[in-house]
There are 2 protein chains.
Amino acid sequence: MRIGELAERVGTTTRTLRYYESRGLLTARRTEQGYRTYDEDDLRLLQQIRTLQDFGFDLEETRPFVDCLRAGHPAGDSCPASIAVYRRKVAELDGLIDRLQAVRAQVGAELLRAEAELPHGPEPRCELGTEWDTEREG
Amino acid sequence: MRIGELAERVGTTTRTLRYYESRGLLTARRTEQGYRTYDEDDLRLLQQIRTLQDFGFDLEETRPFVDCLRAGHPAGDSCPASIAVYRRKVAELDGLIDRLQAVRAQVGAELLRAEAELPHGPEPRCELGTEWDTEREG
DNA sequence: GTAAGCCTTGACGCCGACGTCAAGGCAAGG
DNA sequence: CCTTGCCTTGACGTCGGCGTCAAGGCTTAC
């Protein structure tokens, strides 16, 4: 198949596929006219990349999976290098989630405090509009 | 004080402060020689911005807090517009954390599965090196 | 006098993952 | 023949939050 069909089948754009090729993640055979052609293996490879991308992996982090598939392994994560990326990603996610939860708690606390200090309470009930953003002369 | 001192007191760079000024978040009076000068109010304003930045707020999201302080309010979050930003941020964080936890679970599961399918188990114990990244013929 | 250390404006660089446009080739259908 | 719709390469644009020069001015210390 050609690049347009492949792009459509994985739900992306031709630009993205050419970008992957420029990064060395995807290779293409060519027709006599210079058109890129792909087979089902390329499709699987691409699906692997897209799955990881959806997980938030950087393109570079998908490379071991691609290499693994290219080496003839049944799955992209059949190689230790891919598993190492999984492990790093899990650790990274755990750290990120921890930090975000801490921030969430802090911001939540600030929100409660600020709401409590606001004269008309957490939600305006009887006022048509809040006029707080207009200038007050002191 | 001048820009260098202010930058040092909040732990940032002069470039950052000029950038904030270009975004309209920070204003400066000028000496006869054209040097920017700041007072303690500017310091507090800047500390407000930095605190929010540390929380992961975009610069634009700090604007209501800045406006609030400029309007003479005791804190940057003394205005409904700031509180609205808090609320949006909390919701955004909750959503993000949820998604990240789902991804974490998925990647964790893939990791376990892939480890189980690897012939030599989760951790190489008796082998000096893993030879998996070398080509296999066949 | 001159070097050091502040400051000024302006402008380009960076990162990642593409989007978008330009200018053109090739093939099929009416 | 001409349009339509694929495809090609190349190159510049995007976003945010600055970093990093360049070229120059002011002041202070030696």
Side-chain angles (χ1 to χ4, degrees), chain A residues 1-39 42-43 45-66 85 88-89 92-93 96 103, chain B residues 1-39 42-43 45-66 85 88-89 92-93 96 103:
Chain A
M1 83 198 84
R2 289 182 307 183
I3 195 168
E5 186 183 344
L6 180 58
E8 197 179 5
R9 284 180 70 180
V10 296
T12 183
T13 67
T14 60
R15 177 69 182 92
T16 296
L17 302 193
R18 291 197 194 94
Y19 176 64
Y20 289 173
E21 182 174 331
S22 80
R23 301 280 89 200
L25 288 171
L26 196 59
T27 56
R29 283 148 300 286
R30 300 291 184 124
T31 69
E32 285 185 358
Q33 289 75 31
Y35 290 2
R36 290 172 178 83
T37 55
Y38 304 92
D39 57 24
D42 294 318
L43 176 63
L45 205 145
L46 199 44
Q47 283 169 335
Q48 170 76 82
I49 296 176
R50 287 268 114 188
T51 299
L52 296 176
Q53 287 268 87
D54 290 345
F55 282 162
F57 283 51
D58 295 342
L59 262 190
E60 275 311 307
E61 292 176 321
T62 73
R63 195 177 295 276
F65 296 80
V66 170
V85 173
R88 271 190 278 115
K89 206 60 180 182
E92 185 186 317
L93 282 167
L96 180 57
V103 168
Chain B
M1 83 197 86
R2 290 183 305 183
I3 196 168
E5 185 183 345
L6 180 58
E8 197 180 5
R9 284 181 69 179
V10 296
T12 184
T13 67
T14 60
R15 177 69 182 92
T16 296
L17 302 194
R18 292 197 194 96
Y19 176 65
Y20 290 172
E21 183 174 330
S22 79
R23 302 280 89 199
L25 288 170
L26 196 59
T27 56
R29 285 148 298 285
R30 300 289 184 126
T31 68
E32 285 185 358
Q33 289 76 31
Y35 290 2
R36 292 172 177 83
T37 55
Y38 304 90
D39 57 25
D42 295 318
L43 175 64
L45 207 144
L46 198 44
Q47 283 168 336
Q48 171 76 81
I49 297 176
R50 288 267 113 190
T51 299
L52 296 176
Q53 288 269 86
D54 288 346
F55 281 163
F57 285 51
D58 296 341
L59 261 190
E60 275 310 308
E61 293 176 320
T62 71
R63 195 177 296 276
F65 295 80
V66 169
V85 173
R88 273 190 276 115
K89 205 62 180 183
E92 184 187 319
L93 283 167
L96 180 57
V103 168

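Residue numbering restarts at 1 for every chain, and letters A, B, ... go by the order of the sequence lines. The structure presented is a predicted model; accordingly, all values stated were derived computationally and were not measured.
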So which atom in A:Thr37 and which in A:Arg30 form the shortest heavy-atom distance, rounded to 0.1 Å?
OG1-N, 4.2 Å
Residue pair B:Thr14 / B:Gly4: nearest heavy atoms and the distance that separates them:
CG2-CA, 3.8 Å
Would you mind checking if A:Glu60 and A:Arg63 are paired as a salt bridge, meaning a charged N to carboxylate O distance below 4.0 Å?
yes
Starting at the 5' end of nucleotides 5-18 of chain D, put B wherever the base has a protein heavy atom under 4.0 Å, S where only the sugar-phosphate does, and a dash everywhere else.
-BSBB-B-----BB
Nucleotide D:dG25, atom C1' - distance to CD of B:Glu32 in whole Å
15 Å
Crowding at CD, B:Glu8 (>12 non-hydrogen neighbours, <6.0 Å):
no
Atom CD of B:Gln47: over 12 foreign heavy atoms under 6.0 Å
yes
